[in-house]
Amino acid sequence: MIILFFLFFLSFNFVNSNEFPSINGCFCEGGIITGLIPTDYQLKINNKKVGIFENGRFIYAFGRKSKNFIKLDINGKIKEFAVKKKKYKIENIKGLPRNKVEPSKKEIDRILNDRKLIAKAKEIGSKKKLFGKKFILPAEGRLSGVYGSQRILNSKPRSPHAGIDLAAKEGTKVVAPSSGIIKIVSNNMFFTGNTIIMDHGLGLISIFSHLKEISVKQGEYIQQGQKIGTIGMTGRATGPHLHWGVYLEKKSVDPFALVNFELD
């Protein structure tokens, strides 16, 4: 049984003559907030303008590391909120094939091509909100990797973990955590193996890695709960598991920040 980590949630209302709607979400590292404001209003977060989609929807991610406070400015009305900080664990993983930690020149070229493909997928696709109110876990399994942890592979420090890992038997069903459009289907990426990238709209995407089988095609619209593949151990993996990563454009999001509250 998956143990869900407690997240700090906060929502607030602007109660004034402008009748601002609620802004909901997790004001925490790895968290995400979203809401609706009039389309002719201007939103700034920490003095930077944030884009408003055509229906008045905005969405903002904090990333793994954030300032202690966040300042929201909607048409000159300013409110400041504390951002919940997190402690990140360090994981030592040994026994990986040397070429997965120290790739050759040929393998580096392959890695760079994979990265270009993933970077392209992170660009805003659908400007409509395709995801529903609440995400679900894409597979049943043991939580074997948490968001934000620092990994040391064969004694060599690597980038923080931008997602969660769910360990289960090879062939375990993987489903869509929310609705969206399949943006990329790629077989045998160097690190992530058989990989699916799903566009949930508004720049929010999910990445599913190390799959054994893929059951969807690029461009296909998928509903929440629909099977998209099965758990495997392709790419850089020491055992069968699913890596589920979430990004809002270039910022990583803790998947539990989508599972544990409604994005309405």
Side-chain angles (χ1 to χ4, degrees), residues 1-12 22-36 45 50 53 57-66 70 81 83-84 86 88 118 121-122 124-141 143-149 160-166 173-183 195-209 221-229 241-264:
M1 180 178 179
I2 304 298
I3 298 175
L4 299 183
F5 289 94
F6 174 77
L7 292 174
F8 176 82
F9 300 112
L10 176 63
S11 65
F12 63 94
S22 296
I23 300 174
N24 304 307
C26 180
F27 284 76
C28 60
E29 291 180 335
I32 192 167
I33 56 175
T34 184
L36 290 167
I45 297 181
V50 175
F53 292 90
R57 171 73 59 180
F58 81 89
I59 188 168
Y60 178 84
F62 293 91
R64 182 178 180 270
K65 288 292 185 181
S66 176
I70 183 174
F81 298 89
V83 178
K84 178 75 172 180
K86 290 186 178 181
Y88 299 105
I118 293 172
K122 289 179 181 177
I124 294 178
S126 174
K127 295 184 178 180
K128 295 181 179 179
K129 179 178 176 287
L130 302 177
F131 56 90
K133 287 185 178 181
K134 200 168 185 179
F135 281 60
I136 60 174
L137 288 171
E140 294 183 359
L143 184 65
S144 59
V146 297
Y147 171 83
S149 59
H161 192 215
I164 63 171
D165 291 339
L166 299 170
K173 181 171 66 173
V174 177
V175 303
S178 191
S179 55
I181 296 171
I182 302 301
K183 203 166 189 179
T195 303
I196 296 171
I197 300 181
M198 178 180 287
D199 179 9
H200 299 295
L202 310 183
L204 188 67
I205 66 166
S206 280
I207 299 177
F208 309 95
S209 305
Y221 175 79
I222 304 297
Q223 294 182 338
Q224 184 181 57
Q226 184 176 337
K227 182 180 177 182
I228 60 173
H241 74 282
L242 172 71
H243 170 83
W244 176 27
V246 179
Y247 288 86
L248 182 64
E249 294 186 73
K250 296 181 180 180
K251 285 187 178 180
S252 64
V253 175
D254 186 345
F256 280 113
L258 304 177
V259 172
N260 287 351
F261 78 99
E262 294 184 352
L263 292 176
D264 201 8

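Numbering of residues begins at 1 and proceeds along the displayed sequence.
- Within a 6.0 Å radius of CD in E249, more than 12 heavy atoms belonging to other residues, nucleotides or ligands are found.
- Remark: the backbone N or O of E29 is not paired with any side-chain donor or acceptor of S66 at under 3.5 angstrom.
- Residues Y88 and V146 fail the side-chain proximity criterion, which asks for heavy atoms closer than 4.5 Å.
- Using a 4.5 Å heavy-atom cutoff, the side chains of L263 and F135 are in contact.
- Taken from CG in D254 to SG in C26, the straight-line distance is 8.0 Å, to the nearest 0.5 Å.
- Note that CG of L258 and CZ of F131 are 8.5 Å apart. Values are rounded to the nearest 0.5 Å.
- With sequence neighbours left out, R57 forms a side-chain hydrogen bond (donor to acceptor under 3.5 Å, both in side chains) with T34.
- Each of Y60, F81, F261 was scored for a ring-ring contact (aromatic ring centres under 6.0 Å, His included) with F27, with one residue passing: F81.
- Between Y147 and V246, the closest side-chain pair of non-hydrogen atoms is not below 4.5 Å.
- The closest side-chain heavy-atom distance from I164 to L137 is below 4.5 Å.
- With rounding to the nearest 0.5 Å, the separation of NZ in K122 from OG in S252 is 8.0 Å.
- Proximity of N24 to E262: side-chain heavy atoms (C-beta onward) are nowhere separated by under 4.5 Å.
- Identified under the side chain to side chain donor-acceptor pair (under 3.5 Å) test for residues 128-139, with sequence neighbours left out: none.
- Side-chain contact between F53 and L36 is absent, with no heavy-atom pair separated by less than 4.5 Å.
- Contact of the D165 side chain with the L242 side chain is not registered, since no non-hydrogen atoms from C-beta on lie closer than 4.5 Å.
- Y221 contributes atom OH, which lies 11.5 Å from atom CG of D199 (distance to the nearest 0.5 angstrom).
- L204 places a side-chain heavy atom less than 4.5 Å from the side chain of I32.
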